[in-house]
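Below is one structure, written out as structure tokens; comments come after it.
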Number of protein chains: 2
Amino acid sequence: MTLKTLDNALEILKNFTYAQPAWGVRELAKKLNISHSIVYRVLATFEEHGFLVQNEETQKYELGIKFWEYGLIVKDKLKISDLIFPAMETLAAETEESIFLTWLDGLEGICLEIVESSQKVKFAVSIGSRTPLYAGASNKVIMAYLPPDKQEEIIQHGLQEYTTQTIINPDVLRRNLEEVRRQGWCYSVGEYSEEVIGIAVPLFTGKGHIAGSLTVAAPEYRFPKSKVKEVSDQLRLRAREVQSSLNTIL
Amino acid sequence: MTLKTLDNALEILKNFTYAQPAWGVRELAKKLNISHSIVYRVLATFEEHGFLVQNEETQKYELGIKFWEYGLIVKDKLKISDLIFPAMETLAAETEESIFLTWLDGLEGICLEIVESSQKVKFAVSIGSRTPLYAGASNKVIMAYLPPDKQEEIIQHGLQEYTTQTIINPDVLRRNLEEVRRQGWCYSVGEYSEEVIGIAVPLFTGKGHIAGSLTVAAPEYRFPKSKVKEVSDQLRLRAREVQSSLNTIL
DNA sequence: AACCAGTGTCTCTCATATAGAAACAGAAGG
DNA sequence: CCTTCTGTTTCTATATGAGAGACACTGGTT
């Protein structure tokens with residue numbers, strides 16, 4: 001069905017991460033328990049195409065600038081900078097809290113962009129980080145609009161308890177998602193990170209499929225429940241503006 | 001020597017560009033004059049790993065967010081944002097012109113970062129764009145510090161006349177590079193883009209190999225020759241600052 | 001309604017490209 | 001000078017991919 005050679009190659013590539021962006025041939029072969037000849041051929045081929053570069057000093061292989069180039073194309077395709085970023089900045093100014101743009105990728109959410117609030121507080125989520133779709137407002141509002149079979153796939157894959165607030169009971173989660181969908185937006189408290197609240201609205205493709213979400217996140221202590229409704233209204237207003245331009249490109 | 005399957009796969013991937021970021025299976029097969037079965041298997045395998053995604057609407061394949069993720073790792077590895085960007089901003093403020101960070105990748109220069117001058121003028125170079133190493137100050141200062149065999153490889157590969165000022169005579173180019181190396185920085189006028197001058201200084205790895213360059217670019221009409229020496233001094237000063245921190249990571 | 005020309009996907013078989021062990025060349029350290 | 005790493009190359013049996021062709025589906029045209 002699929003190409004085993006390419007499959008192996010991409011599996012090998014997966015080991016070049018943030019935490020370990022440089023690998024020696026035998027070092028990587030040892031970790032994967034395969035012949036170093038295989039690893040060598042894969043790395044050498046990637047290098048020929050500029051996807052990996054061999055550090056002249058250490059002899060180890062590292063990710064090449066080519067990946068960054070392809071990343072630029074992807075980012076451009078999403079039109080984030082032009083369309084959504086201004087709306088995020090407006091929201092950050094209005095709410096004085098941080099705004100997150102989360103995108104659906106596979107069965108996970110990925111943080112594409114953050115506009116920090118003036119009040120500096122660190123969040124556990126950073127640009128590029130992946131999070132499961134069942135925890136936190138930014139993710140749940142996406143999951144709520146997924147087709148049922150995909151929702152079940154996520155649930156069957158297992159629900160991890162990130163905090164004491166994470167919903168790990170499948171039935172409770174299903175009812176919660178239904179409510180989110182009925183309401184059109186999502187409010188959550190400390191489901192993915194302790195003491196962080198989130199208010200999120202969905203963003204759709206032109207065909208009406210879920211594409212991502214726009215989220216206001218704030219530390220729980222400075223966000224009274226009385227403000228939730230007001231902020232959700234602001235969010236929905238800006239999301240509608242963004243949505244019309246998204247319709248033409250997605 | 002190399003893996004033909006992976007080689008083909010990456011060759012197929014090369015067709016996903018800025019200009020055409022979405023391809024249908026048969027469409028791409030036709031362009032490459034190969035069986036659509038082959039293309040399908042390659043695209044499907046890339047998709048399984050998140051490097052490509054199939055657009056549900058058009059059925060076409062597009063570059064996946066995974067590339068952007070890997071791009072983040074690469075960008076982080078280069079430490080541009082933390083180390084060099086502040087120096088670029090300082091230089092932009094001091095000179096009131098645009099500052100370019102160019103990096104060596106293969107036998108080309110790639111523009112990693114730009115800090116625009118307050119005086120808005122458009123340049124032909126944008127973030128992510130690749131340029132040959134023999135044209136323009138930002139590139140020539142890199143080429144000047146390459147080992148002779150690589151210089152010759154570039155020259156043998158052919159010199160294209162971007163403007164009337166582009167040096168396309170191999171002997172003239174060789175002498176020019178030698179002079180640049182002796183001087184330690186490079187000044188050029190309209191070699192890659194008409195009516196644009198550039199003043200560039202090299203950046204090195206810890207081992208003393210050329211890594212990239214820092215460039216001041218300006219429209220010719222507002223940049224008197226008398227200012228060249230002054231600006232080159234400013235550039236060299238900031239480059240020295242950046243260099244010390246680069247030594248520890250490259 | 002029937003047809004045609006598209007599409008992405010899947011199946012099959014033969015030719016071949018790859019896996020994996022083992023050898024090689026070079027560097028670093030004791 | 002031996003040991004022990006490293007990345008690289010060679011070799012052959014065999015698992016794997018190339019490529020043609022069929023399939024199921026869609027959208028437009030007659």
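Chain letters run A, B, ... following the sequence lines, proteins first, then strands; residues in each count from 1. Because only heavy atoms are used, hydrogens play no part in the values below, and waters and symmetry mates are left out as well, while side chains stay in.
- Residue Asn8(B) is classed as a sugar-phosphate contact, given heavy-atom separations below 4.0 Å to backbone atoms only.
- When rounded to the nearest whole Å, the span between NZ of Lys4(A) and P of dA19(C) equals 7 Å.
- In this model, the phosphate group of dT18(C) is approached by a side-chain N or O of Thr5(B) to a distance below 4.0 Å at OP1 or OP2.
- Taking atom CD on Glu27(B) and atom C1' on dT9(C), their separation rounds to 17 Å, with Å as the unit.
- Counting to the nearest Å, the C1' atom of dA27(C) and the NZ atom of Lys60(A) are 15 Å from each other.
- A donor-acceptor contact under 3.5 Å is formed by the side chain of Arg26(B) with the base of dG8(C).
- Residue Gln59(A) places no side-chain N or O under 4.0 Å from the OP1 or OP2 atom of dA25(C).
- With respect to Glu241(A) and Arg238(A), a salt bridge is recorded, a charged nitrogen being found less than 4.0 Å from a carboxylate O.
- Of the candidate nucleotides dA18(D), dT9(D), dT6(D), dT9(D) has the atom nearest to the side chain of Tyr40(A).
- Nearest-nucleotide positions on DNA chain D place Lys30(A) closer to the 5' end than the other of Ile38(B) and Lys30(A).
- Remark: C1' of dA20(D) and CD1 of Ile34(B) are 14 Å apart, rounded to the nearest angstrom.
- Atom pair Leu3(A):CG and dC10(C):P shows a separation of 14 Å (rounding to whole Å applied).
- Residue Gln54(A) contributes atom CD, which lies 14 Å from atom C1' of dG26(C) at whole-angstrom precision.
- Relative to the side chain of His36(B), the nucleotides dA22(C), dG21(D), dT6(D) differ in distance, and dG21(D) lies closest.
- Using a 4.0 Å cut-off between a side-chain N of Lys or Arg and a carboxylate O of Asp or Glu, Glu11(B) and Lys4(B) do not qualify as a salt bridge.
- In this structure, the ring of Tyr61(B) has its center no less than 6.0 angstrom from the ring center of Phe16(B).
- For the pair Tyr61(B) and dT9(C), the criterion of a side-chain N or O lying under 4.0 Å from OP1 or OP2 is met.
- Taking 4.0 Å as the cut-off between side-chain N and carboxylate O, Asp105(B) and Lys66(A) do not count as a salt-bridged pair.
- A salt bridge is defined here as a Lys NZ or Arg NE, NH1 or NH2 lying under 4.0 Å from an Asp or Glu carboxylate O, and Asp171(A) with Arg174(A) meets this definition.
- Distance, Asp7(A) CG to dA15(D) P: 18 Å, rounded to whole Å.
- Mapping Val42(B) and Gly24(A) onto DNA chain D via the closest heavy atom, the residue that lands nearer the 5' end is Gly24(A).
- Rounding to whole angstrom units, CG of residue Asn33(A) and P of dA19(C) are separated by 16 Å.
- At the phosphate of dA19(C), OP1 or OP2 sits under 4.0 Å from a side-chain N or O atom of Arg41(A).
- Judged by atom type and distance alone, Ser37(B) reaches the base of dG21(D) through a side-chain donor-acceptor pair under 3.5 Å.
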